[in-house]
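Let me begin by presenting the structure, written as structure tokens, before commenting on it.
Residue numbers start at 1 and run along the sequence shown.
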Amino acid sequence: MSIIPAIILLCSTILGATKNVLIKGLSGYSIKNREFFILQSSLFGAGSVVLLIINLFTFNGISLTTVICSILYGIMLISGLWCYTLALSQGKTAICATVYSFGFIVPTLSGTLFWNENVTLFGYLGILILIPVLIISGTSPKKQENKKTTKDYIIPLVIALLSSGGLGVMQKIHQKSSSANQMNTFLLLSFLFAFLLSLIFSLSLKKGEEKIERKTTSFALIVGSIFSLCNIMNTYLAGVLDSAVLFPILNIGTILISLILSIIIFKEKIYKRDILILILGILAIVLVNF
């Protein structure tokens with residue numbers, strides 16, 4: 001690996017983990033109230049500004065393919081971020097980050113179906129490990145814990161996982177098309193779509209009892225900026241690095257850094273059950289890319 005991709009990979013890993021942890025600060029608001037969507041629109045709005053600035057220097061036109069792909073990508077951005085935020089309101093950051101990172105399995109499987117990419121026996125074994133990880137994640141560690149709470153936590157997390165994987169599929173579809181040189185415009189349109197839809201929801205819902213703090217708004221703006229940069233870097237890395245190199249380093253690094261940051265920032269405690277989930281998650285990532 002040459003020095004430039006290595007530096008970009010390191011930056012993407014650190015920024016991705018930081019994004020995963022900071023989203024926790026946005027998770028204290030109900031999706032039924034205006035505040036949740038104000039923060040989401042702020043997040044996507046900040047990402048749109050970053051991408052707009054980049055597009056001023058890299059614009060290569062807008063094709064119909066780019067528009068269609070950007071709308072689908074925007075829908076997955078919304079479902080992924082909304083559901084991941086909901087999952088973090090009840091789940092531990094490190095565990096949510098581990099399960100969320102499994103989204104790369106979706107483009108891995110789609111590659112075998114549509115792009116004649118091969119998955120080894122170890123790869124399928126790694127995919128199967130996803131099942132016990134989800135079961136353990138969705139099982140209450142305490143007898144007195146409400147079952148509905150656990151159910152509410154795991155369902156949005158699985159939706160976020162699938163949406164994250166869908167982002168990878170759409171990136172690949174766009175980058176395999178004749179409009180691949182419009183990558184930054186594709187991402188900008190996606191973020192703008194997500195911003196506008198979040199804004200519409202924020203205007204159509206009633207205010208909740210909990211007001212948005214200035215610190216929380218800052219978190220949303222930072223997360224949005226980081227998320228847009230990660231999208232650019234990961235799309236670039238996917239084109240210059242082998243999947244067997246990119247995905248293990250990116251996903252395992254993100255999981256471990258998320259764990260460290262969650263302990264430092266939110267003082268989350270890690271138990272044996274959590275360690276088991278982390279070990280199985282890392283093992284699955286390694287096997288899929290073996």
Could you walk me through whether Ile265 and Lys24 pass the side chain to side chain contact (heavy atoms under 4.5 Å, CB included) check? CA-CA 10 Å; Ile265 298 175; Lys24 182 88 171 180; over 6 Å; no
Matching residue for Phe227 among Tyr84, Phe191, Phe44, Phe195 - test: ring-ring contact (aromatic ring centres under 6.0 Å, His included):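 The option that passes is Phe191.
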Side-chain H-bond candidate by donor/acceptor type, Ser179 with Ser63, under 3.5 Å: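 Indeed, the side chains of Ser179 and Ser63 share at least one donor-acceptor pair under 3.5 Å.
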Donor-acceptor pair between His174 and Thr65 side chains, under 3.5 angstrom: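 No, because no side-chain N or O of His174 sits under 3.5 Å from a partner of the opposite role on Thr65.
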Taking Ile8 as the fixed residue, which of Ile3, Ile232, Leu237, Thr13 is the one that meets the side chain to side chain contact (heavy atoms under 4.5 Å, CB included) rule?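 Considering Ile3, Ile232, Leu237, Thr13, a side chain to side chain contact (heavy atoms under 4.5 Å, CB included) with Ile8 is found only for Leu237.
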Does [X] use its side chain to pair, donor to acceptor, with the backbone of [Y] at less than 3.5 Å?
{"X": "Asn60", "Y": "Thr58", "value": "yes"}
{"X": "Thr85", "Y": "Leu81", "value": "yes"}
{"X": "Thr18", "Y": "Ile14", "value": "yes"}
{"X": "Ser12", "Y": "Leu9", "value": "no"}
{"X": "Ser202", "Y": "Phe37", "value": "no"}

Give a yes or no on whether [X] and [Y] share a hydrophobic cluster (residues Ile, Leu, Val, Met, Phe, Trp, Tyr; joining criterion: side-chain heavy atoms under 4.5 Å apart).
{"X": "Leu197", "Y": "Val49", "value": "no"}
{"X": "Leu188", "Y": "Phe57", "value": "no"}
{"X": "Leu157", "Y": "Ile155", "value": "yes"}
{"X": "Trp82", "Y": "Ile200", "value": "no"}

Would you sort out whether Phe193 and Ile78 count as a side chain to side chain contact (heavy atoms under 4.5 Å, CB included), showing the intermediate values? CA-CA 9 Å; Phe193 177 81; Ile78 290 170; 4.2 Å; yes
Distance, nearest 0.5 Å, that separates [atom1] of [X] from [atom2] of [Y]:
{"X": "Ile75", "Y": "Leu167", "atom1": "CD1", "atom2": "CG", "result": "11.5 Å"}
{"X": "Phe186", "Y": "Leu51", "atom1": "CZ", "atom2": "CG", "result": "11.0 Å"}
{"X": "Leu161", "Y": "Ile154", "atom1": "CG", "atom2": "CD1", "result": "9.0 Å"}
{"X": "Ile71", "Y": "Thr66", "atom1": "CD1", "atom2": "OG1", "result": "11.5 Å"}
{"X": "Leu221", "Y": "Leu22", "atom1": "CG", "atom2": "CG", "result": "11.5 Å"}
{"X": "Leu43", "Y": "Lys19", "atom1": "CG", "atom2": "NZ", "result": "9.0 Å"}

Should [X] and [Y] count as side-chain neighbours, where that means a heavy-atom distance under 4.5 Å?
{"X": "Lys211", "Y": "Glu35", "result": "no"}
{"X": "Ser27", "Y": "Leu86", "result": "no"}
{"X": "Leu189", "Y": "Ile62", "result": "yes"}
{"X": "Tyr73", "Y": "Asn231", "result": "yes"}

Shortest non-hydrogen contact from [X] toward [Y]:
{"X": "Pro156", "Y": "Cys83", "value": "O-CB, 3.1 Å"}
{"X": "Asn55", "Y": "Thr185", "value": "OD1-OG1, 2.7 Å"}
{"X": "Asn20", "Y": "Thr93", "value": "O-CG2, 4.0 Å"}
{"X": "Ser258", "Y": "Val21", "value": "O-CG2, 3.7 Å"}
{"X": "Ala194", "Y": "Gly74", "value": "CB-O, 4.2 Å"}
{"X": "Leu203", "Y": "Arg34", "value": "O-NH2, 4.2 Å"}

Check whether more than 12 heavy atoms from other residues, nucleotides or ligands sit under 6.0 Å from atom CG of Leu56, and answer yes or no.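 Enclosed.
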Check side-chain contact (heavy atoms from CB on, under 4.5 Å) between Thr98 and all other residues, then give those that pass, not counting sequence neighbours.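 Counting only residues at least two positions away or on another chain, Thr98 forms a side-chain contact (heavy atoms from CB on, under 4.5 Å) with Ile255, Ile277, Leu278.
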In this structure, is the centre-to-centre distance between the rings of Tyr29 and Phe36 below 6.0 Å?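 Centroid distance Phe36-Tyr29: not below 6.0 Å, so no.
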Does Leu229 form a side chain to side chain contact (heavy atoms under 4.5 Å, CB included) with Met233? I'd like the steps, not just the answer. CA-CA 6 Å; Leu229 291 174; Met233 288 187 285; 4.2 Å; yes
Carefully, step by step, assess Met170 and Met76 under the rule side chain to side chain contact (heavy atoms under 4.5 Å, CB included). CA-CA 9 Å; Met170 290 310 304; Met76 292 173 192; 3.8 Å; yes
Please step through side-chain hydrogen bond (donor to acceptor under 3.5 Å, both in side chains) for the pair Ser163 and Ser79, ending with a clear verdict. CA-CA 6 Å; Ser163 299; Ser79 61; 2.6 Å; yes
